[in-house]
Amino acid sequence: MDTNFSKDDIAFRDEVRKFFDDEFDSTLAKNLGDGHGDNYKESIIAWQKKLYKKGWIAPNWPKEFGGTGWTDTQKFIYESERGLAGVPDVLPFGLKMVGPVIYTFGTQEQKDRFLPKILSSDHWWCQGYSEPGAGSDLASLTTSADYAGANYLVNGRKIWTSLAQYADWIFCLVRTSKGARKQEGISFLLIDMSSPGITVKPIITIDGRHSLNEVLFENVSVPVENLIGEQDKGWTYAKALLAHERTNMAEVADSKRMLTELKDKASKSIGGGRCLADDQVFQKQVSDVELDLMALEYTELRALASIAEKGMPGPESSLLKIKGTEISQQLHELHLKVAAHHGGAVALTEERYDEIQVGSDARNRYLYGRAATIYGGSNEVQRNVIAKAVLGL
Amino acid sequence: MNFDFTEEQTMIMDGISRYVREEYDFDVRRIIKDSNDGYSKEVWRRFSELGWLSIPFDEVYGGFGGNPDDLASVMIELGKGAIIEPYVASIVLFGALINESSNESLKKEIIPKIINGDYKGSFAYIEEQSRFEITDIKTSATKCNGGYTLRGQKLAVIDADKSDGFIVSARTDSSQFSTDGISLFLVEPEAQGVSLSNYKTMDGHSASVITFEDTFVSDENLICAVGNGYSHIKSVMPQILLALCSEALGIMETLNKLTVEYSKTRTQFGSPIGSFQALQHRMVDNFMAYEQAKSMVYRGLCEANNYSSGSIDLDEFTRVAHAVKALVAKSSKQIGDESIQIHGGIGMTDELNIGHLVKRLMMINVEFGDGDFHQKCFGQN
């Protein structure tokens with residue numbers, strides 16, 4: 001049993017470290033670090049284009065479609081270094097969600113048309129799954145796409161659509177027929193956001209910011225060549241994507257970074273006051289999270305090793321999303337405690353101590369972080385999935 | 001990156017698994033547990049024949065020369081059978097201390113006997129005031145002609161009533177909490193001034209209060225150099241913790257398996273109780289607790305490898321071992337409590353194996369420091 005890196009792996013690690021050091025500059029760090037500032041869109045595209053130029057934009061894609069051809073160990077190293085450097089992950093919608101669906105189930109024409117612009121970040125994608133009446137019970141969705149000659153006419157509402165205000169394209173699950181089971185009759189459609197009949201309405205979240213939206217479709221005409229795979233078989237493609245999505249949600253590297261920052265901030269004293277790191281209750285809470293995170297890191301490694309060996313993750317991978325999001329929420333909570341320690345109620349207003357960056361950042365991360373156990377299949381739904389698929393209940 | 005046990009390790013695991021299934025089922029275990037000896041000489045002999053008593057010992061003394069992975073593979077399977085034999089006391093604890101000893105003649109004499117099944121040992125280190133602090137020692141060893149005079153009392157010495165020798169920590173110098181001045185002695189139960197008061201522990205093992213009243217121990221019975229006891233214990237502690245946690249892993253796996261199986265057969269309100277979401281989510285949480293514990297034990301084993309190859313030092317290895325023990329304690333408590341709860345009334349009975357597996361987990365938790373103790377050690381470093 002070992003996790004030793006080869007010489008090549010260590011050389012690779014140094015290369016990744018240097019790249020992040022050189023290219024992820026302080027302006028990018030400021031604009032992408034916490035909160036979505038005014039130039040969020042430009043900044044994230046600028047950063048993703050740097051990765052694209054380096055050839056590192058899509059480590060998980062097969063090489064023939066623009067992936068890196070890295071070993072699983074290299075992918076792990078890349079992710080760890082990204083987390084350590086505080087570099088945000090790429091936007092998932094194009095690169096981790098619709099991209100894999102297109103290269104797996106799309107036609108050659110669709111691959112040629114969409115994949116290059118996903119890689120180059122010239123297309124900003126968003127995800128049209130949830131509806132007001134279809135959350136955890138996603139298959140009960142009702143947005144309709146009626147076949148009319150060379151086009152589908154789409155009508156309905158999608159909700160909780162992250163960053164739709166910036167998007168050029170949306171991939172949607174729509175109902176094309178009423179099957180015997182509600183999972184039948186769903187199709188996977190790619191829709192141009194500039195199509196007439198689409199309205200994007202902002203939803204302001206509890207952190208006061210605008211990242212979520214409602215997307216309304218009124219007689220939106222979508223050419224049939226934008227259908228992925230077969231009509232009425234969209235659920236199958238969506239499920240394949242969900243499996244892909246779940247293994248991406250452990251966010252171990254990001255949580256490790258948050259833990260380091262937490263210990264760092266908690267050990268700072270202001271004006272000679274006592275620091276929180278000396279508080280025994282706080283110490284216990286930090287080590288509780290750290291223990292879980294140390295274990296989760298190896299759960300992720302075990303999943304990677306299993307993929308490398310057997311071509312698929314073992315049952316352990318199913319807990320990555322649940323544990324990963326629970327850990328990140330616990331870290332958000334502890335960051336909020338540090339903020340409160342450094343100024344009590346003040347930290348909960350817009351005030352901000354620049355030198356230690358507490359206050360509004362911690363508050364916003366905590367509040368927006370509540371979403372992590374809701375999105376991507378709520379943690380309760382994840383537990384249902386494990387009960388059925390792993391425990392056979 | 002590799003998280004598989006080797007072919008050889010898998011063979012040993014299969015061997016133990018078959019043995020438990022065919023020769024050491026729950027009824028056999030109960031008979032042995034309730035016997036006067038509290039273990040089976042015959043079973044111990046079989047363990048020796050099958051080579052399981054030789055695992056951690058160096059090859060020069062006739063041992064298998066196993067690494068922590070080898071010992072972990074054995075412990076996982078012994079855990080699944082809730083084996084009542086004094087393996088932890090003799091092979092894991094006493095074994096590690098003697099195997100790393102600098103006293104060559106003692107090793108040459110004793111290790112082959114252990115491997116043959118003719119010698120069992122225990123480690124006497126806890127005192128009434130010490131809790132889990134291995135440096136909190138009041139037992140004294142005063143220099144005399146040709147040896148030392150021991151005076152003091154040790155508590156909760158696991159399986160001491162079955163032992164042919166105890167390794168005893170005592171102060172040859174310095175004050176109560178000091179890391180200096182601790183020495184380790186091999187003492188025989190027959191030595192003058194040694195008295196034992198034995199009692200059963202809840203997991204079916206036994207423990208003793210051992211009193212030393214001016215017991216003479218020869219210079220030749222020093223396990224390591226005088227005053228080096230603390231660093232000797234410290235050097236073997238991580239591997240001992242990993243072995244204990246591996247045993248816990250085997251038990252947790254069994255408890256989860258039995259509980260899920262039971263929930264599929266027990267019917268209430270016209271349905272198997274495993275069809276109820278309230279219980280499903282709890283069993284998923286138990287599954288996660290087990291997988292996380294397994295990941296942590298594997299992390300510990302990988303670090304053991306890194307330690308033996310010199311890429312990390314003892315302090316780093318120790319810190320991870322603290323983390324492993326702390327997390328395994330949490331998972332053990334959760335899985336133990338939940339297994340009883342989901343079984344309901346039947347889970348409360350002495351007749352069912354569930355409670356016995358849980359009691360072994362509870363004992364593992366307090367052996368060599370409980371979860372809170374290790375979490376504190378982990379958090380402080």
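Throughout, protein chains are lettered first and strands after them, A, B, ... in sequence-line order, and every chain is numbered starting at 1.
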Q: Would you please go through residues 286-297 of chain B and name the residues with a non-hydrogen atom below 4.5 Å from one of chain A, in numerical order?
A: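 At a heavy-atom separation under 4.5 Å, chain A is reached by B:Phe287, B:Met288, B:Glu291, B:Gln292, B:Lys294, B:Ser295, B:Met296.
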
Q: Go through the steps for A:Phe12 and A:Phe5 under the test side chain to side chain contact (heavy atoms under 4.5 Å, CB included), then give the verdict.
A: CA-CA 10 Å; A:Phe12 175 75; A:Phe5 293 146; over 6 Å; no

Q: I need the residue from B:Val320, B:Leu301, B:Asp285 with the largest number of non-hydrogen atom pairs under 4.5 Å to chain A.
A: B:Asp285

Q: May I ask you to check whether B:Phe373 and B:Phe132 place their ring centres under 6.0 Å from each other?
A: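 Centroid separation for B:Phe132 and B:Phe373: below 6.0 Å.
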
Q: Do B:Ser308 and B:Asn67 have a side chain donor and acceptor closer than 3.5 Å?
A: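 No, no side-chain donor-acceptor contact under 3.5 Å.
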
Q: Do the rings of A:Phe20 and A:Trp56 sit parallel, tilted or perpendicular, given the 30° and 60° boundaries?
A: perpendicular

Q: Could you look at B:Lys330 and say if it's the side chain, the backbone, both or neither that has a heavy atom under 4.5 Å from chain A?
A: side chain

Q: Identify which part of A:Lys284 has an atom lying under 4.5 Å from any heavy atom of chain B, answering side chain, backbone, both or neither.
A: both

Q: B:Asn305 versus chain A, heavy atoms under 4.5 Å apart: side chain, backbone, both or neither?
A: side chain

Q: Go through the side-chain N and O atoms of A:Ser6 and A:Asp9 and say whether any donor and acceptor fall under 3.5 Å apart.
A: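 Yes.
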
Q: Chain B: which of A:Leu296, A:Thr71, A:Asp72 shares the most heavy-atom pairs with it under 4.5 Å?
A: A:Leu296

Q: Between B:Asp372 and chain A, with a heavy-atom cut-off of 4.5 Å, which part of the residue counts as in contact: side chain, backbone, both or neither?
A: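 Contact with chain A involves no heavy atom of B:Asp372 at all.
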
Q: For A:Gln285 and A:Asp288, does a side-chain donor sit closer than 3.5 Å to a side-chain acceptor?
A: no

Q: Under a 4.5 Å heavy-atom cut-off, does chain A meet the side chain of B:Ser311, its backbone, both or neither?
A: neither

Q: Below 4.5 Å from any heavy atom of chain B, which atoms of A:Glu380 appear? Answer side chain, backbone, both or neither.
A: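 Both parts, backbone and side chain.
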
Q: Show me, pair by pair, the donor-acceptor contacts under 3.5 angstrom made by side chains of residues 242-249 of chain B, not counting sequence neighbours?
A:
from: B:Ser246; atom 1: OG; to: B:Leu242; atom 2: O; distance (Å): 2.7
from: B:Glu247; atom 1: OE1; to: B:Arg360; atom 2: NH2; distance (Å): 3.0
from: B:Glu247; atom 1: OE2; to: B:Arg360; atom 2: NE; distance (Å): 2.8
from: B:Glu247; atom 1: OE2; to: B:Arg360; atom 2: NH2; distance (Å): 3.4

Q: Among the options A:Val390, A:Asp292, A:Leu304, pick out the one with the most heavy-atom pairs lying under 4.5 Å from chain B.
A: A:Asp292

Q: Between B:Lys234 and B:Asp315, does any side-chain N to carboxylate O distance fall below 4.0 Å?
A: yes

Q: So which atom in B:Phe5 and which in B:Ile76 form the shortest heavy-atom distance, rounded to 0.1 Å?
A: CZ-CD1, 3.9 Å

Q: Scan side-chain atoms only and decide if A:Asn384 and B:Gln280 contain a donor-acceptor pair under the 3.5 Å cut-off.
A: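 Short answer, no.
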
